[in-house]
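All remarks here apply to the structure that follows.
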Amino acid sequence: MTGHLAQIGLENRGYEAILRTGCVDCEADDAVDILRLALQPVDLDLVILFFSPRTDITAFVARLGKGFENTKLVGCTTAGEITRDGYAEGTIVALGFPKSHFATRSVLIEDLDTLDGQQMVADIIRNRNALAAQAPSWQSEFSLLLVDGLSTCEDQLTAEISFGLGPVPLTGGSAGDGTDFTRTFVLHDGKVASNAAVLVQMISRCPIRVFKTDHLVPARTRMVVTGADPSLRVVSEINAEPAAREYARILGKDPEQLTPFIFAAHPVVVQFGGQHHVRAIQRVADNGDLVFFSAIDEGVVLTLAEPQNMADHLNRELRALATPNVPDAIIAFDCILRRLEAEQKQNLGQLSRILADNRVVGFSTYGEQYNSMHVNQTLTGVAIYPPDEV
């Protein structure tokens with residue numbers, strides 16, 4: 001596919017953006033050419049790519065090496081994309097960070113199940129020092145983490161990374177595979193890997209705000225995890241009953257009716273530190289266990305949560321990020337379960353318009369990263385603001 005249909009989201013938005021963005025159909029033969037035209041990479045320090053799992057990754061990455069020879073490249077597969085026009089599928093979204101406003105370092109973290117935390121923390125600290133020396137007058141530091149969303153290692157990885165980052169805020173998302181949950185990939189300078197993560201550390205002359213939000217309110221219905229395998233994020237028993245059957249009973253549904261749409265509409269949360277954090281259910285295993293997107297253990301008390309109006313909540317949260325100053329762009333990591341809920345409630349179009357109006361780009365994830373935590377069914381990200389000086 002070429003021409004107009006391939007050039008999704010490249011039109012002039014009426015302002016001169018700092019963060020450059022492009023979007024193209026993932027099956028377009030000239031995808032790299034279109035993205036190169038949109039991003040003009042000659043002065044870019046970094047390009048981040050969020051690409052549909054339908055992308056021919058090997059062919060696309062090979063062409064990238066010829067179209068963006070002198071630019072650092074990182075990225076991952078998605079469970080859907082967020083373009084300048086809102087939610088999309090089957091696309092490749094590219095974000096370009098110009099050297100005039102950003103300096104970056106990145107590291108590929110491989111073999112997540114045998115993670116060398118000490119070496120990783122040393123690399124992170126070394127990168128922080130190098131960035132500070134490179135741009136001593138720039139004050140805004142933040143980091144982005146892209147990680148295999150099927151690795152089950154995000155909780156440990158995010159906690160380990162926080163030791164190296166110290167006070168530097170972290171955001172990010174877990175790579176997706178549509179709704180197949182089969183295999184996800186991350187990209188780092190021409191190398192495509194699974195069971196891996198990419199950490200990007202940035203310093204910028206642009207003010208930034210890292211954020212986390214969800215539209216859920218804890219209800220009164222509680223349940224206790226009485227059987228679990230934390231290493232696999234699997235719950236076998238709730239309230240001393242088979243997990244899927246008990247969860248369905250609490251909802252008043254047949255266990256055979258449990259689908260991702262049901263999990264999206266009836267999430268469970270844990271509460272600590274005066275805040276609630278979603279523990280989203282991914283699927284029902286063949287034996288009736290519940291497989292979660294994030295850390296779970298025996299003895300954990302789960303509380304059912306009730307969703308607020310998603311569009312109203314999103315509009316409020318993004319307006320808050322635009323007060324007192326409007327962001328140049330918002331990079332967002334949005335849980336796949338939020339997208340499924342929006343589809344089920346037939347308000348995906350309304351949410352897309354809100355995202356587009358607020359200059360949001362990003363992707364739908366299998367989990368989100370926020371500082372030292374791996375979270376679910378949330379919207380996390382970073383708002384990037386024009387600097388005060390011209």
Side-chain angles (χ1 to χ4, degrees), residues 17-22 39-50 68 70-76 82 93-109 120-147 157-158 160-175 186-189 197-212 321 325 327-333 359-363 365 368-372 380-389:
I18 297 168
L19 186 73
R20 298 179 202 163
T21 62
L39 269 59
Q40 297 294 311
V42 65
D43 65 333
L44 295 182
D45 188 77
L46 173 75
V47 170
I48 299 180
L49 298 135
F50 306 132
F68 292 83
N70 300 314
T71 307
K72 300 173 216 169
L73 299 168
V74 302
C76 68
I82 303 173
V93 176
L95 314 179
F97 296 80
K99 296 175 183 177
S100 59
H101 290 75
F102 302 92
T104 71
R105 293 285 191 278
S106 65
V107 58
L108 177 65
I109 306 165
M120 181 184 68
V121 168
D123 290 340
I124 292 170
I125 294 172
R126 185 163 48 249
N127 284 342
R128 279 196 69 195
N129 292 336
L131 288 171
Q134 181 178 342
S137 65
W138 292 359
Q139 299 299 312
S140 297
E141 286 186 87
F142 65 102
S143 295
L144 301 175
L145 179 64
L146 307 175
V147 55
L157 176 64
T158 307
E160 293 275 1
I161 286 173
S162 69
F163 290 116
L165 291 179
V168 177
L170 172 71
T171 186
S174 300
V186 297
L187 166 69
H188 184 267
D189 286 340
V198 175
L199 178 68
V200 179
Q201 295 171 249
M202 294 196 193
I203 192 167
S204 176
R205 58 187 287 230
C206 297
I208 63 100
R209 286 167 66 181
V210 168
F211 65 92
K212 175 181 80 77
L321 287 173
N325 298 316
D328 173 76
I330 297 173
I331 305 172
F333 307 97
R359 306 175 185 176
V360 178
V361 290
F363 74 99
T365 74
E368 304 79 57
Q369 283 41 268
Y370 177 70
N371 293 333
S372 63
T380 67
V382 57
I384 299 172
Y385 299 85
D388 293 333
E389 72 276 13

#### Entry: Contact summary for A17 and D328, nearest pair of heavy atoms
CA-OD1, 3.3 Å
### Results of ring pair (Phe, Tyr, Trp, His ring centres under 6.0 Å) for F363 - residues two or more places apart only
F50, F333
## Note on the structure
Hits for side chain to side chain donor-acceptor pair (under 3.5 Å) against D123, two or more places apart or cross-chain, chain-then-number order -> Q119, R126
### Task
Kindly write out the residues that satisfy salt bridge (Lys or Arg N to Asp or Glu O under 4.0 Å) with D43, not counting sequence neighbours, or none if the list is empty.
R20
### Message
The criterion is salt bridge (Lys or Arg N to Asp or Glu O under 4.0 Å); which residues satisfy it with R128, sequence neighbours excluded?
### Response
E141
### Message
Do L321 and R209 have side chains that approach each other closer than 4.5 Å (heavy atoms only, starting at C-beta)?
### Response
yes
Just list the side-chain donor-acceptor pairs under 3.5 Å for residues 96-104, sequence neighbours left out, or say none.
from	atom 1	to	atom 2	distance (Å)
H101	NE2	R205	NH1	3.2
T104	OG1	D45	OD2	2.4
T104	OG1	K72	NZ	3.1

#### Entry: Beyond-backbone contact of I18 with P386, side-chain heavy atoms, under 4.5 angstrom
yes
### Task
Kindly determine whether V147 and Q369 satisfy side-chain contact (heavy atoms from CB on, under 4.5 Å), including the steps that lead there.
CA-CA 9 Å; V147 55; Q369 283 41 268; 3.6 Å; yes
### Task
Return the set of residues passing side chain to side chain contact (heavy atoms under 4.5 Å, CB included) with V360 (not counting sequence neighbours), or none when no residue passes.
I82, L318, I330, A332, L355, N358
### Task
Report yes if the side chains of L46 and V200 come closer than 4.5 Å at any heavy-atom pair, otherwise no.
yes
### Message
I'd like to know if the side chain of Q201 reaches the main chain of I124, judged simply by a donor and an acceptor atom lying under 3.5 Å from each other, with no hydrogens or angles considered.
### Response
yes
### Summary
Tightest non-hydrogen contact, residues A329 and L19, listed as CB-CD2, 3.7 Å
### Task
With the side chain counted from C-beta on, respond yes when P387 and C206 share a heavy-atom pair under 4.5 Å apart, and no when they do not.
yes
### Query
From N129 CG over to R105 CZ, what is the distance, rounded to the nearest 0.5 angstrom?
11.0 Å
### Message
Keeping R359 on the side-chain end and P327 on the backbone end, is there a donor-acceptor pair under 3.5 Å?
### Response
yes
### Task
Answer whether the closest heavy-atom distance between the side chains of T158 and L170 falls below 4.5 Å.
yes
### Task
Report the residues that fulfil side chain to side chain contact (heavy atoms under 4.5 Å, CB included) with L108, sequence neighbours left out, ordered by chain and then residue number.
E110, V186, H188, K191, A196, V198
### Task
Go through the structure and list residues passing side chain to side chain donor-acceptor pair (under 3.5 Å) with Q139, not counting sequence neighbours.
none
## Note on the structure
Nearest heavy-atom contact between A175 and C76 is CB-CB, 3.7 Å
#### Entry: L73 backbone acceptor or donor facing D189 side chain under 3.5 Å
yes
### Message
Going by side chain to side chain donor-acceptor pair (under 3.5 Å), name the residues that satisfy it together with Y370, two or more places apart in sequence or in a different chain.
### Response
none
#### Entry: Partner set under side chain to side chain contact (heavy atoms under 4.5 Å, CB included) for V42, not counting sequence neighbours
none
### Task
Please report the shortest heavy-atom distance between T365 and G173, naming the atom on each side.
CG2-CA, 3.9 Å
### Task
Find out whether L157 and M120 are in side-chain contact, i.e. whether some heavy atom of one side chain is under 4.5 Å from a heavy atom of the other.
yes
#### Entry: Within-4.5 Å side-chain heavy-atom neighbours: I161 and L199
yes
### Distance-minimising heavy-atom pair for P169 and I208
CG-CD1, 4.2 Å
### Query
Is the shortest heavy-atom distance from the side chain of L144 to the side chain of I48 under 4.5 Å?
yes
